[in-house]
Amino acid sequence: MQSKPAFEPIYKEPLRRFFEWTANEPEELYAEWRLILENFSSLKLTKATDRFPALSGMAHMFQPLVGDSYLAGFWKRDILRFLPWHEMHDSYCWETKLPPADIYALSTAKYYETELAPKPYIAPSWSFASVNWGVAFHDIETSSSSEFSDRASRVLDVKVVPATSDPMGQVASGFIQLSSILKPITIMDGSGRSSIGKLHMVDPNSGDVVGYCFLDILFRKQPDQQVFSMFYHPINNATLGNDDERAQLGLGLLLVSTGRNHQEYQRVGISPRVRMNFFEGCERTSITLI
């Protein structure tokens, strides 16, 4: 009896609908692609470098339907909806073990002080493929008419350089340039220590908790290296913690400077909730994520 491919249970339903997509609206097509990425990212590939090649065939089939440029797993015209991804909670357990990927340690997490050898480049830090476990996407309304929408990040430029002749295969490099608001932040756990898991974001000036976040990876901070919270998009009707009053909240990304070029950063995490007033008085600036 012939065995079935391991991926069939995951892809059966999306593939069944694949040839019906031509009648759908572009927004629905992009949403279906995010569903595919969520399913695909949970697969355990033998080599991390196979992530894009394994997805390439599906991307080539999908591209004529959206008529869009493919960029490290995402589609250009809807890229603002693709950038706010986070790890699926059942893909790892921060409390008991490290994620199943090679990672760097926070300098203040004493039990993760081992330096790890450099690994092959897979994807820019803003791509889902930069981590080696399952991801999900935050649902944001890019056409929101919120009074804070004018503070949302805007895409200025984006480019991905393929590593092979396949434009949807392995990636050699990539960047996205954004017009955004960002501010230094201190990351701590509930006990006041820098740690791992669901972390508090603390205003380094006032000491107030202004949101919470999750790290994409555990990274080793360099001396005097700052972590920045970049305001990404407003969230309507959301609460923070046990507050009785509704606060104006947004979704943010966590960044660290590469130290190589001016205003060049890498993504290291995501903040599902951050207080909007934390960014009051901050000027919009042009930054590049690699």
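Here the side chains of R275 and Q248 are not in contact, with every heavy-atom distance at 4.5 Å or above. Side-chain contact between D203 and K183: present, with at least one pair of heavy atoms (C-beta onward) separated by less than 4.5 Å. Using a 4.5 Å cut-off on side-chain heavy atoms (C-beta onward), L156 and L178 make no contact. Residues F137 and E38 form a side-chain contact, since some pair of their non-hydrogen atoms from C-beta on lies under 4.5 Å apart. Side-chain contact between I287 and M230 is present, with heavy atoms from C-beta onward closer than 4.5 Å. With contacts defined as side-chain heavy-atom distances shorter than 4.5 Å, the pair T164/P162 does not qualify. I176 is listed as a side-chain neighbour of L83, based on a closest heavy-atom distance under 4.5 Å. Looking at R151 and P234, their side chains never come closer than 4.5 Å, going by heavy atoms from C-beta outward.
Residues meeting the side chain to side chain donor-acceptor pair (under 3.5 Å) test with E27, sequence neighbours left out: none. Contacts of Q170 classified as side chain to side chain donor-acceptor pair (under 3.5 Å), with partners at least two apart in sequence or in another chain: none. In this structure S179 satisfies the side chain to side chain donor-acceptor pair (under 3.5 Å) test together with R284, sequence neighbours excluded. Y232 meets the ring pair (Phe, Tyr, Trp, His ring centres under 6.0 Å) test with no other residue; sequence neighbours excluded. Annotation: side-chain contact (heavy atoms from CB on, under 4.5 Å) contacts of P124 (sequence neighbours excluded): A72, Y121, W126, S127, V171. Residues meeting the side-chain contact (heavy atoms from CB on, under 4.5 Å) test with L71, sequence neighbours left out: K76, I79, V158, V160. Taking S69 as the reference, nothing meets the side chain to side chain donor-acceptor pair (under 3.5 Å) condition, with sequence neighbours excluded. The ring pair (Phe, Tyr, Trp, His ring centres under 6.0 Å) check on F74 picks up F82, with sequence neighbours excluded. In this structure, S165 has no side-chain contact (heavy atoms from CB on, under 4.5 Å) partners at least two apart in sequence or on a different chain. The ring pair (Phe, Tyr, Trp, His ring centres under 6.0 Å) test applied to F278 returns no partner, not counting sequence neighbours.
In this structure, G134 and S42 approach most closely via the heavy-atom pair CA-OG, 3.8 Å. For C282 against I181, the heavy-atom pair with the smallest separation is CB-CG2, 3.4 Å. Contact between P204 and P184 at its shortest, heavy atoms only, is CD-O, 3.6 Å. Summarising the geometry of S229 relative to M201, their closest heavy-atom pair is OG-CE, 3.4 Å, with the distance given to 0.1 Å. The heavy-atom pair separating R77 from G67 by the smallest distance is NH1-O, 3.0 Å. The minimum heavy-atom distance between I270 and G252, with the atom names listed, is CG1-O, 3.4 Å.
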T285 and L182: CA distance, side-chain angles, deciding distance, side-chain contact (heavy atoms from CB on, under 4.5 Å) verdict: CA-CA 8 Å; T285 186; L182 69 162; 3.4 Å; yes

Determine whether V274 and L249 satisfy the following criterion, side-chain contact (heavy atoms from CB on, under 4.5 Å), listing intermediate values before the conclusion. CA-CA 5 Å; V274 58; L249 301 177; over 6 Å; no

Stepwise side-chain contact (heavy atoms from CB on, under 4.5 Å) test for V202 and V210: CA-CA 6 Å; V202 177; V210 296; over 6 Å; no

Stepwise side-chain contact (heavy atoms from CB on, under 4.5 Å) check, I187 with L254: CA-CA 10 Å; I187 301 176; L254 299 184; 3.8 Å; yes

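The hydrophobic cluster containing F128 also contains L45, counting ILVMFWY residues as joined when their side-chain heavy atoms lie under 4.5 angstrom apart, directly or transitively. Under the 4.5 Å side-chain heavy-atom criterion for grouping Ile, Leu, Val, Met, Phe, Trp and Tyr, V227 is not connected to I290 through any hydrophobic cluster.
One finds the NE2 atom of H262 at 10.0 Å from the OG atom of S257 (value rounded to the nearest 0.5 Å). Rounding to the nearest 0.5 Å gives a distance of 8.0 Å between OG of S125 and CG of D216. Of the inter-residue distances, the one linking T186 atom OG1 with N205 atom CG reads 8.5 Å to the nearest 0.5 angstrom. Taking CD1 of I122 as the start and NZ of K47 as the end, the distance is 11.0 Å to the nearest 0.5 Å. Here NE2 of H200 is found 9.5 Å from SG of C213. Values are rounded to the nearest 0.5 Å. For the atom pair F231 CZ and L253 CG, the distance stands at 11.0 Å (nearest 0.5 Å).
Heavy atoms of other residues, nucleotides or ligands lying less than 6.0 angstrom from CG of D139 number 12 at most.
With a 6.0 Å cutoff to the six-membered ring centre and a 45° limit on the axis angle, R34 does not count as a cation-pi contact of W85.
Sequence neighbours left out, not one pair with a member in residues 152-187 passes ring-ring contact (aromatic ring centres under 6.0 Å, His included).
Residues Y30 and E32 have side chains that never bring a donor and an acceptor to within less than 3.5 angstrom of each other. Counted by atom type alone, T288 and Q263 present zero donor-acceptor pairs between their side chains at under 3.5 Å.
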Please list every donor-acceptor pair under 3.5 Å in which a side-chain atom of residues 50-64 meets a protein atom from a residue at least two apart or in another chain.
unit_1	atom_1	unit_2	atom_2	d
R51	NH1	V131	O	2.4
R51	NH2	S41	O	3.0
S56	OG	D166	OD2	2.5
H60	NE2	D166	OD1	2.9
Q63	NE2	D68	O	3.0

